[in-house]
Amino acid sequence: MGFAEQRFNVNLSILFTELPLLERPAAAAAAGFGAVELWWPWVGSPTPERSELDALKKAIEDAGVRLNGLNFYAGQLPGPDRGALSVPGEESERFRANIDVAADFAGSLGCGALNALYGNRVDGVDPAEQDALALQNLVLAARAADRIGAVLLIEALNKPESPLYPLVSAPAAVGIVDKVNEATGLGNARFLMDLYHLSMNGEDLPSVIERYASRTGHVQIADNPGRGAPGTGSLPLEELLDLLRKAGYDGWVGLEYKPGDRPGSESFEWLPRAAR
């Protein structure tokens, strides 16, 4: 099977970042890709001006690419934050203010997946209080995603790079998926399986794939060590993606790796252009 059998999209928040945001969709198209995904692009604002939303929408449409993944507001990302929805006070309020803005933007482009990063643990706050708040906000996000026909993604990160993030294993993230689906009855919460993060946690990736492929709404990859392109580390990504296909996953695979000290357009030599 191999890479040629997969459907890849490019994360424009980590690749092509040498370009202004509005030029990245066209750069992805020029590199041969038909689909893109994004972290929430306006780091400082959960509710940007309509003109900013419209400009990005136009850039994606003019490039002829599909947006098939978007993060809700997640605080300073990249940066110290790992989401906002479980953080009491202003950050949680900012997340709630963003829910319909992000969902409406995604819906206007036919985007079918919204990723809600859980948020770091906060000193002096009972983890149970954070988890209760998180569930409330994830229920709101799941309902907004359902309104536009999208899935809500719950992602596990890795403990070495995100030591304050509580979802640092596949079972932990899938456990939240189950709680959200139980609370809403919608069944649209799904696991975001990021093979880089799971490998950093030392998980048995073939076992994770076997157990959770049917619960997975999106997959992201980068090699390990280094979080570079496939082939720069030691992860058998081609074999792992084959296992996912055999386990029934036929969705998109997001390229969420660092291009190193070169432009993003030069970091795809591992993938034949005909397979993009």
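It should be emphasised that the depicted structure is a prediction, and the values quoted were computed from it without experimental measurement.
- For Glu239, the CD atom counts as loosely surrounded, since its 6.0 Å shell holds 12 or fewer non-hydrogen atoms of other residues, nucleotides or ligands.
- A salt bridge does not link Arg143 with Asp100: none of the charged nitrogens is closer than 4.0 Å to a carboxylate oxygen.
- Between Arg211 and Asp204 there is no salt bridge, since no side-chain N of the basic residue sits under 4.0 Å from a carboxylate O of the acidic one.
- Linking ILVMFWY side-chain heavy atoms closer than 4.5 Å, directly or via other members, places Leu198 and Ile221 in a single hydrophobic cluster.
- Taking the side chain as every heavy atom from C-beta outward, Leu53 and Val101 approach each other to under 4.5 Å.
- In the hydrophobic cluster analysis, where Ile, Leu, Val, Met, Phe, Trp and Tyr join through side-chain heavy atoms closer than 4.5 angstrom, Leu77 is grouped apart from Met200.
- Annotation: ring pair (Phe, Tyr, Trp, His ring centres under 6.0 Å) contacts involving residues 45-94, sequence neighbours excluded, comprise Phe72-Phe95.
- Shown here are the side-chain contact (heavy atoms from CB on, under 4.5 Å) partners of Ala134, two or more places apart in sequence or in another chain: Leu85, Ser86, Tyr118.
- Note on Arg94 versus Glu91: salt bridge recorded, some NZ/NE/NH1/NH2 to OD/OE distance being below 4.0 Å.
- Counting only residues at least two apart or on different chains, the ring pair (Phe, Tyr, Trp, His ring centres under 6.0 Å) pairs with a member in residues 13-32 are Phe16-Phe268.
- Of the options Trp270, Tyr257, Trp252, a ring pair (Phe, Tyr, Trp, His ring centres under 6.0 Å) to Phe8 is made by Trp270 and by none of the others.
- For the residue pair Gln136/Arg96, the side-chain donor-acceptor check at 3.5 Å is satisfied.
- Residues Ser199 and Asn224 bring a donor and an acceptor atom of their side chains to less than 3.5 Å of each other.
- Side chains of Ile60 and Leu109 form a contact here, defined as non-hydrogen atoms less than 4.5 Å apart.
- Listed by first and then second residue, the salt bridge (charged side-chain N to carboxylate O under 4.0 Å, His left out) pairs that reach into residues 156-183 are Asp178-Arg215, sequence neighbours excluded.
- The hydrophobic cluster around Val122 extends to Val87, Val125, counting ILVMFWY residues whose side-chain heavy atoms fall within less than 4.5 Å of a member.
- The environment of Glu23 atom CD is dense: over 12 non-hydrogen atoms of other residues, nucleotides or ligands sit within 6.0 angstrom.
- Of the inter-residue distances, the one linking Ile14 atom CD1 with Glu256 atom CD reads 5.5 Å to the nearest 0.5 angstrom.
- In this structure, Asp104 and Arg147 have side chains that are in contact, with non-hydrogen atoms separated by less than 4.5 Å.
- Atom CZ of Arg50 is surrounded by 12 or fewer heavy atoms from other residues, nucleotides or ligands within 6.0 Å.
- For the pair Met193 and Leu244, the minimum side-chain heavy-atom distance is below 4.5 Å.
- Between Phe105 and Asp54 the shortest side-chain heavy-atom distance does not fall below 4.5 Å.
- Asp223 places no side-chain N or O within 3.5 Å of a backbone atom of Gly228 that could act as its donor or acceptor partner.
- Checked against side-chain contact (heavy atoms from CB on, under 4.5 Å), Pro78 has the following partners two or more places apart in sequence or in another chain: Trp39.
- A donor-acceptor contact shorter than 3.5 Å links the side chain of Thr216 to the backbone of Tyr212.
- Hydrophobic clustering places Val174 together with Leu195 (ILVMFWY residues linked when any side-chain heavy atoms are closer than 4.5 Å, directly or through intermediates).
- A salt bridge links Glu269 and Arg262; the closest N-O separation between the charged side-chain nitrogens and carboxylate oxygens is under 4.0 Å.
- Under the 3.5 Å distance criterion, the side-chain polar atoms of Asn188 are matched with a main-chain donor or acceptor of Ala150.
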For Asn68 and Glu37, what are the C-alpha separation, side-chain angles and deciding distance, and is it a side-chain hydrogen bond (donor to acceptor under 3.5 Å, both in side chains)? CA-CA 6 Å; Asn68 57 13; Glu37 61 182 50; over 6 Å; no

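- In terms of modelled atom types and a separation under 3.5 Å, the side chain of Arg121 and the main chain of Gln130 share no donor-acceptor contact.
- Considering CD of Gln6 and CG of Leu237, their distance stands at 10.5 Å, rounded to 0.5 Å.
- Remark: of the listed residues Asp194, Leu153, Val253, Asn9, Asp194 is the sole one forming a side-chain contact (heavy atoms from CB on, under 4.5 Å) with Gln220.
- No side-chain heavy atom of Asn115 sits less than 4.5 Å from a side-chain heavy atom of Leu70.
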